[in-house]
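Accompanying notes for the structure given below.
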2 protein chains.
Amino acid sequence: MSSLKTDRIYQGNCVEVLDSLPAASVDVIFADPPYNLQLGGELLRPNNSRVDGVDDDWDRFQGFADYDDFTKGWLTACRRVLKDTGTLWVIGSYHNIFRVGTVLQDLGFWVLNDVVWRKTNPMPNFRGTRFTNAHETLLWCSTGPEARYTFNYEAMKALNDGLQMRSDWSLPLCTGPERLKDEAGRKLHPTQKPESLLHRVILASSNPGDVVLDPFLGSGTSAAVAKRLCRRWIGIEQDPDYVAAARARIQAVRSVDDPALCATPRKRAEPRIPFGTVVERGLLAPGTVLSDASGRWSARVRADGTLISADHRGSIHQVGAAVQGAPACNGWTFWHMRVEGDQTLVPIDLLRQRLRAEMTGGGTGESEAAGEALQ
Amino acid sequence: MSSLKTDRIYQGNCVEVLDSLPAASVDVIFADPPYNLQLGGELLRPNNSRVDGVDDDWDRFQGFADYDDFTKGWLTACRRVLKDTGTLWVIGSYHNIFRVGTVLQDLGFWVLNDVVWRKTNPMPNFRGTRFTNAHETLLWCSTGPEARYTFNYEAMKALNDGLQMRSDWSLPLCTGPERLKDEAGRKLHPTQKPESLLHRVILASSNPGDVVLDPFLGSGTSAAVAKRLCRRWIGIEQDPDYVAAARARIQAVRSVDDPALCATPRKRAEPRIPFGTVVERGLLAPGTVLSDASGRWSARVRADGTLISADHRGSIHQVGAAVQGAPACNGWTFWHMRVEGDQTLVPIDLLRQRLRAEMTGGGTGESEAAGEALQ
DNA sequence: TACTGACTTGAATCGTAAC
DNA sequence: GGTTACGATTCAAGTCAGT
């Protein structure tokens, strides 16, 4: 059996590359396969601008049977390289996710959760013909009903401010500076996923040093996040342009300097923001040093949204209380960060306020949000 | 062909009952089928206990294959009784929804949306082994890619405080007084759905007087809500105890006294008014100059109800599109006229509203007043 | 510098009555 | 049944120019 080479992109057909890798050598597979969209003609917005739909060659299939064969092929190859203790994630929409789920189950994979990525800023339905398609679905599977697997329950609970992480995740689309652009300033890849999504996926189901494989690497989001979180990674991608862009992107990523920070603790009226969300959304990098206003105590940020100080570990509130020897502490106002190019310390509550502003800015499109706005 | 009898529960096997009903007679089907592997004896072979199976792979395959057959059976029967313009809803979880979705698509149903029911109060995952399973999935399908169907867009938008209704719905579980109890105070049915969920389903996809059928009626939620919303209804249920409980429950429901309160009028359904009628009726004199809201473009009204601008001639829509160089244009809202004794520009749509108010007799008073103000 | 407003964009299965 | 023409339809974020 050959040894596995990690931290590299293989250019080529994913089944062929997978078949060339040693069996049972990968801990987590994250797959974002073509969705088999079946778009009609062009679609115009009410302002007559054209919607840039996905019409790439890689998303053309003859029909469901063709797509099922394709799915069976790459899932079978994935199963071989996956350790018995490994897990598999697949993301998709209603166009393909039922096909994928059925094939998965037929191949013996065991669904642990279906997770809903609830988009905070989806594209509307311009013609008023259906419900706004505002989510995508991730399937998370083990290799069988009896298989052991990695689930960092405490990390997920901490990331959700002490409440169990649910099967629905509200996260924004990948836009702004995070979105890779080509020389002409157009989006490089039509379906680039947000890093916050992969942050949660990888943190939940792997440990530092584990191997994360992506058979449809695309713009390289999964590998970039895996590298930052001190996991080993393997990407497979057919398109040379995507490979080149992903290589450059991943190259620029710095791993969190201490892997321990990447492994694995409420207010009422206002929407509660877990501190983990601040980290996940990239407003504060794991490893960042926080201190209190006087600079007497300090602690470092971990990827799951907990803090670690010289003697204590836990939520921003727990560590804040512990270092002071106090019974309780509001970590949001106790802990401060240093502003770039400035010596002043500002409370991390500013970051929470920024996220709250986003949430309440225009409503989330659900009546629940409307209810909150009334309070 | 026999005529359809509505507003009643049929006790029996759902496929047999469905096969006894006339074809193409139902507008909406809502189905809450068994969630796989916990089915009655007729679906699992007696010697194939899932837990103690001799061969896991074989057992699992048999389990899914049987479930797929079961699904194919009732969905085929549903397709026959459903009108071509009808739609089908199925609710499920990750245990069965991929099987259902695949069978649906293979039978030619066309998925319009997958809707996520996000539970505001889900049961936690007590063992901390997975994400809290906090949602269920509904599939909404038409009978084919070209089929027309009912979607009350405006009603859904109104229900969501003026924003398009999204594909994720946050609603609480059925608890409290709404939950049916037996004599001993235990819950009568293990999976009773909340009425709020059915309210949204039925309001979205049917009109007063339409026939709503539920092949797995259970505690009768769908029929109860259908009756309240002035729809006709049909329920099919095998278990005599559930039938009795559902009959009593539905009997106690009072329909909304005015069916008009259970429908939101569609803009598309309003009577079409040719622009020529506006001229013909003297609401706008030939030769009148119209302009867009900004005053950038202008055109003159001809006696035949067409417009003529410097370079273009045709309908209000055609000239509006042509002057802008746009692919399409709604002339009613694009073109404006000057109000006498005032410098403000108002859209000519006001004139159409005035004619429509005349046609419907009383009108709302609002549009009539608006029309009078123009004189 | 901060704010405003116009413009752009995102995995999209996106119309239908009348002739 | 095919063709024509009406005329209905968008939310959250990010970017950028102008004040």
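Reminder, nothing fancy here: chain letters follow the sequence lines and each chain counts from 1.
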request  = Look at the side chain of A:Arg45 and the base of C:dG10, then say whether one donor and one acceptor between them are separated by less than 3.5 Å.
outcome  = yes
ask   = Does NZ or CZ of A:Lys119 come closer than 6.0 Å to the centre of the six-membered ring of A:Trp117, within 45° of the ring's axis?
value = yes
task = Tell me what B:Pro274 touches on the nucleic acid: a base, only sugar-phosphate, or nothing, going by heavy atoms under 4.0 Å.
result = nothing
request  = Report the distance from atom NZ of B:Lys267 to atom P of D:dC6, rounded to the nearest whole Å.
outcome  = 18 Å
inquiry  = Students often get this wrong, so: under 4.0 angstrom with heavy atoms, is A:Asp32 touching a base, only sugar-phosphate, or nothing?
reply    = base
task = Look at the side-chain N and O atoms of A:Tyr94 and state whether any lies under 4.0 Å from the OP1 or OP2 oxygen of C:dT13.
result = yes
remark   = Separation of D:dT10 atom P from A:Asn133 atom CG, nearest Å, is 17 Å
query = Rounded to whole angstrom units, what separation is found between the CD atom of B:Gln164 and the C1' atom of D:dT9?
reply = 8 Å
request  = Please name the residue in the list A:Asn113, A:Asp114, A:Asp168 that meets the side-chain hydrogen bond (donor to acceptor under 3.5 Å, both in side chains) test with B:His135.
outcome  = A:Asp114
task = Provide, to the nearest angstrom, the distance between the CD1 atom belonging to B:Ile348 and the C1' atom belonging to D:dG7.
result = 12 Å
Reading 5' to 3' through nucleotides 14-19 of chain C, protein heavy-atom contacts under 4.0 Å coded B for base, S for sugar-phosphate only, - for none = BS-S--
ask   = To the nearest angstrom, how far is B:Met165 atom CE from D:dT10 atom P?
value = 14 Å
message = Please check if the number of heavy atoms outside B:Lys83 that lie under 6.0 Å from its NZ is greater than 12.
response = yes
Short side-chain N/O contact from B:His317 to OP1 or OP2 of D:dC6, under 4.0 Å = no
Tabulate below the donor-acceptor pairs under 3.5 Å that side-chain atoms of residues 299-307 of chain B make, not counting sequence neighbours, or state none.
from	atom 1	to	atom 2	distance (Å)
B:Arg302	NE	B:Thr306	OG1	2.8
B:Asp304	OD1	B:Thr306	N	3.0
B:Asp304	OD1	B:Thr306	OG1	2.6

key: Value in whole Å for how far the P atom of C:dT13 lies from CG of A:Leu37   = 7 Å
task = Step by step, work out the side chain to side chain contact (heavy atoms under 4.5 Å, CB included) result for A:Phe64 and A:Asn36.
result = CA-CA 9 Å; A:Phe64 283 129; A:Asn36 190 26; 4.1 Å; yes
inquiry  = Can you identify which nucleotide, out of C:dT13, D:dT10, C:dA11, has its nearest atom closest to the A:Thr191 side chain?
reply    = C:dA11
DNA chain C: 5'-proximal contact among A:Phe64 and A:Asn47 (nearest heavy atom) = A:Asn47
message = Hydrogens and angles aside, do A:Thr175 and A:Arg179 bring a side-chain donor and acceptor to less than 3.5 Å of each other?
response = no
key: Pair A:Arg60 + A:Asp66: basic N to acidic O under 4.0 Å   = no
task = Scan A:Thr175 against the nucleic acid and name what it touches under 4.0 Å (heavy atoms): base, sugar-phosphate only, or nothing.
result = sugar-phosphate
message = Would the base of C:dA11 count as contacting A:Lys193 through its side chain, where contact means a donor and an acceptor less than 3.5 Å apart?
response = yes
ask   = Parallel under 30°, tilted from 30 to 60°, perpendicular over 60°: which one fits the rings of A:Phe216 and A:Phe70?
value = tilted
request  = For B:Arg352, report the nucleic acid contact type (base, sugar-phosphate, nothing); a contact means any heavy atom under 4.0 Å.
outcome  = sugar-phosphate
ask   = Parallel, tilted or perpendicular: which fits the ring planes of B:Tyr149 and B:Trp140, with parallel below 30° and perpendicular above 60°?
value = perpendicular
query = Contact class for B:Glu154 (heavy atom, under 4.0 Å): base, sugar-phosphate, or nothing?
reply = sugar-phosphate
query = Looking only at atom P, what distance separates D:dT9 and C:dT16, rounded to whole Å?
reply = 12 Å
message = Using a heavy-atom cut-off of 4.0 Å across all strands, would you classify A:Cys174 as base, sugar-phosphate, or nothing?
response = nothing
query = Taking the P atom of each, how far is C:dC14 from D:dC6, in whole Å?
reply = 23 Å
ask   = Atom CG of B:Leu139 and atom C1' of C:dT13: how far apart are they, to the nearest Å?
value = 15 Å
request  = Nearest whole angstrom, please: distance from the P of C:dA11 to the NZ of A:Lys187.
outcome  = 6 Å
message = Work out how far the C1' atom of D:dA13 is from that of C:dT13, and round it to whole angstrom.
response = 25 Å
ask   = In terms of side-chain heavy atoms of B:Gln318, which of C:dA11, D:dA5, D:dA8 is nearest?
value = D:dA5
ask   = When all nucleic acid strands are considered with a 4.0 Å heavy-atom cut-off, which category describes A:Asn36: base, sugar-phosphate, or nothing?
value = nothing
DNA chain D: 5'-proximal contact among B:Ser315 and A:Leu44 (nearest heavy atom) = B:Ser315
ask   = In which stems does DNA chain D show up, taking only runs of three or more Watson-Crick or G-U wobble pairs whose two distances fall under 3.5 Å?
value = C:2-10 with D:11-19, C:15-19 with D:2-6
message = Would C:dT13 be called syn or anti here, given the cut-off of 90° from 0?
response = syn
message = Does B:Arg313 have more than 12 heavy atoms from other residues, nucleotides or ligands lying within 6.0 Å of its CZ?
response = no
ask   = Which part of the nucleic acid, if any, lies within reach of A:Gly53 when heavy atoms closer than 4.0 Å are counted: base, sugar-phosphate only, or nothing?
value = base
message = Whether B:Arg118 engages the ring of B:Trp169 as a cation-pi pair (distance to the six-membered ring centre under 6.0 angstrom, angle to the ring normal within 45°) should be assessed.
response = no
message = Suppose you measure atom P in C:dA12 against the same atom in D:dA8; what distance do you get, rounded to whole Å?
response = 26 Å
task = Describe the nucleic acid contact of A:Pro33 in one word from base, sugar-phosphate, nothing, applying a heavy-atom distance below 4.0 Å.
result = base
ask   = Could B:Arg166 and A:Phe131 be counted as a cation-pi pair, given that NZ or CZ must be under 6.0 Å from the ring centre and within 45° of the axis?
value = no
key: Nearest-angstrom distance, C1' atom, C:dT1 to D:dC16   = 16 Å
